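The structure appears right after this line, and notes come after that.
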Amino acid sequence: MSEADELPRADFVSAANEGAWGRGSMKLSFIDQAIVVAYLAAIMGIGLAMKRRAARGMSAYFLGGRQLPWWALAMSGSSSYFDITGTMWIVSTFIVLGLKGMWVHWLWGFPITAFYLSYMGKWIRRSCVLTGAEWMYTRFGRGRAGDLARLSYTLFAVLTIAALLGYGAIGMGKFGAVFLPFSPFICAVLILGVTGLYVVVGGFHGIVRVEVLQTIVLSVGAIAFAVIGYGHFDAERFAARIPAGWISLRPAWRPDELQGVISGGTDYSLFGALVAVWVAKGLLLCLSGPEQLYDFQRFLAARDARDASKLGALWGAIHTVRWPFAMAIAVMAIMGVGDPTLDAMLKKDPETALPVIIGAMLPTGLVGFILAALLSGFLATFSSTVNGGAAYLVKDVYQRYIDPRADSRRLILISYLASSLLIVVGLTIAYFGASINAAFIWIFGTLAAGILPPNVLRWYWWRLNGWGYAAGVTSGMVLSLLQALRDASYDVQTPLYVSFPLIAAASAIVTIVVTLATAPTDEATLVDFYRKVQPAGAWGPVHKLVISSDPNFRRETSVAREALNTILALVAVTALYVGALYLVLHAHLSAILCFTIVSILCVALYFTWYKHLPLPEDSRASEEARFDAREPVAPAG
């Protein structure tokens, strides 16, 4: 392998700081510009058209009045996962790690939709609240402990959402700087500023309707590019440019081809230790429910538990297109574009592969369409994050602590202000950040380590109370921030296999100790939560209380069936995504095997899952009025 053909082996240097972007080097033709502008105008028009409907009240602005169809919510959720920044990061992991890069994506719990469809979606919907923070009243009651749990979750939500917006702005700036004659930060300001208008005024109605269109455009664009990558693949040339083991999924403790490989501050030499942490974190996330907090909204907005389960299944199926698209970009980047300057840029920073390949390898017209498709993904994630964050600021901070008697009109105005503030905060974070990978690892690795233990226990352990939950989340956030400050001060990055278990263990210990040292949640709250949500796990004492008052009570679906469906769906989702990757790489036998497994499991799930879904429920018009009430009412009862 010649030096020109080697994959990146040095740390990803911040091209933004070194001026290595070749700003505006990919000049768009007039046709491509017209396509992008027309698409953005259409999206803005839809979002602004929803302004009046969104302004009806809090439930309409943040949940669409719970009248949106499940398939639209699924399309909205799937496209919100297909963001430009995350896709740029996925491409870079495939370039550097090969198919082993799939293990990295356990970090954000890529098979979480398997848990959504089997049980988590209906658990969330049965909670009948407006935000994940307000859910704390359902679980811990409306006393001081429940209020403290709600406040701690709100702080975590706002911190996470602000970090996600900054992470998204970093990627959007990198992406735009390849096509526009501005710095990455200025590009981020321009793109977020223009598109932020429809997000602020359109509310959830506007977001979901826009995202239905975005999902269609995004899926067509992703499939089209996957086909292009499939046709561009040359097995002989490709094999000459990749190290041994690149195409193998099998993880090794210290793979030879990854010794000395550093990406965004992460040293992949001890790959086995990283895989153990990624998988552990991903499983904890899947068990805890949505970490990307706007996910909570999609299930809360469903009409009933049946729709919440179905949208979880469709969500995972639609998201399949992202994986062959990312692999097609990685394949074309590895094979090179034939331009020494651009190939050097790809070697220096693989995070730029997405915009570079699109600008260099596609004909006029198709560039504009693919850019519009990718902007769909960015806008979906961006709008969902902003709307979700505003819900926490308005419902859980402003209405709860500042103005409990605010009417709907004032709350909608505050929602506009909160959405605008979050956009500004995201841009501020982006100004000081440059590496997508470093931002991602901190959000989904370090910060998540501290909040996952209490978030898992809240569903499966009856004894957890609001005091323990608040103590665990707060200590986790403090520890993650302290580690970030330490790493920044010493210009190092603590390996995730060191930071994650330490922070997670500390948070778990604090959560359990504080819980056992304080009084349990009152019986009435626990009984009502168990009867309504029907959680699984260590709920024996509460189950006995429910049976004593209602001997005929039975869980709608047995724990064994939910566990079986989770396992079947998890394997099916993983095989579906990996099969799509094999297909782009012309590994046809492996792809056929994966798709055969998927087909068999789908048939099994039809009998074990679909035929046992909850029955449809009558929509309750009073729900919207209840969520728009001046003083929040406990959802229990």
Side-chain angles (χ1 to χ4, degrees), residues 1-13 15 18-29 32 84 87-101 171 174-175 177-179 221-222 224-248 257-258 260-264 268 323-364 366-367 370-371 374 436-437 581-587:
M1 186 184 298
S2 67
E3 182 179 350
D5 291 338
E6 288 182 359
L7 292 179
R9 286 291 186 262
D11 192 12
F12 290 174
V13 180
E18 294 194 3
W21 284 98
R23 293 174 187 168
S25 58
M26 299 288 182
K27 295 187 181 297
L28 294 178
S29 69
D32 293 322
I84 286 181
T87 304
M88 292 170 70
W89 176 69
I90 289 174
V91 171
S92 71
T93 61
F94 285 148
I95 291 174
V96 176
L97 304 176
L99 277 180
K100 289 184 180 66
K174 279 191 170 188
F175 188 91
V178 174
F179 297 97
F225 204 98
V227 172
I228 293 172
Y230 178 88
H232 189 78
F233 184 83
D234 184 312
E236 186 175 346
R237 283 182 57 204
F238 189 75
R241 292 172 176 262
I242 59 174
W246 189 97
I247 203 168
S248 172
E257 70 273 17
L258 297 181
V261 175
I262 300 174
S263 165
Y268 290 101
W323 302 99
F325 171 77
M327 182 55 75
I329 295 288
V331 164
M332 297 172 79
I334 290 171
M335 295 179 68
V337 299
D339 183 308
T341 301
L342 297 180
D343 286 337
M345 183 187 297
L346 291 173
K347 288 184 63 178
K348 192 177 191 65
D349 190 353
E351 291 179 355
T352 64
L354 182 62
V356 169
I357 294 300
I358 289 172
M361 304 296 287
L362 297 182
T364 298
L366 190 55
V367 172
I370 295 296
L371 287 179
L374 289 172
I436 296 173
N437 184 70
L581 299 178
Y582 278 130
L583 193 60
V584 174
L585 295 171
H586 289 209

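One is the number of the first residue; the rest follow in order along the sequence. Just so it is clear, the structure is predicted and the values come from calculations on it, not from any experiment. Heavy atoms only: backbone and side chains are in, while hydrogens, waters and symmetry mates are out.
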If you look at every heavy atom in S29 and T364, which pair is closest and at what distance? OG-CG2, 3.0 Å
To the nearest 0.5 Å, how far apart are OH in Y268 and OG1 in T93? 7.0 Å
Sequence neighbours excluded, the answer for side-chain contact (heavy atoms from CB on, under 4.5 Å) partners of A587 is Y582, S590
Indicate yes or no: at least one non-hydrogen side-chain atom of L354 is less than 4.5 angstrom from one of T87. yes
Which atom of R237 lies closest to which atom of M335, heavy atoms considered: NH2-O, 3.0 Å
Set of side-chain contact (heavy atoms from CB on, under 4.5 Å) partners for A222, sequence neighbours left out: F82, V321, F325
Between V91 and A326, which heavy-atom pair has the shortest distance, and what is it? CG2-O, 3.6 Å
Do I329 and I90 have side chains that approach each other closer than 4.5 Å (heavy atoms only, starting at C-beta)? no
Residues which pass ring pair (Phe, Tyr, Trp, His ring centres under 6.0 Å) with H586, listed by chain and number, not counting sequence neighbours: Y230, F233, H588
My understanding is that only residues two or more places apart in sequence, or in another chain, count here; which of them pass side-chain contact (heavy atoms from CB on, under 4.5 Å) with I228? M332, L362, L366
Which pairs, with at least one residue in residues 90-100 and sequence neighbours excluded, count as a salt bridge (charged side-chain N to carboxylate O under 4.0 Å, His left out)? K100-E257
Could you go through the ring-ring contact (aromatic ring centres under 6.0 Å, His included) check for F94 and W246 one step at a time? CA-CA 9 Å; F94 285 148; W246 189 97; 7.7 Å; no
If I take atom CE from residue M327 and atom CG from residue L581, how far apart are they, to the nearest 0.5 angstrom? 4.5 Å
Please find the pair of heavy atoms, one from I95 and one from A333, that lie closest to each other, and give the distance. CD1-CB, 3.8 Å
If every non-hydrogen atom of L258 is compared with every non-hydrogen atom of V96, which pair is closest and at what distance? CD2-O, 4.0 Å
Restricting to side-chain contact (heavy atoms from CB on, under 4.5 Å), what partner residues turn up for A328, sequence neighbours left out? F225, V584
With rounding to the nearest 0.5 Å, note down the distance linking CZ in F238 to CD1 in I247. 7.0 Å
Can you tell me how far OG of S92 sits from CG of L97, rounded to the nearest 0.5 angstrom? 8.5 Å
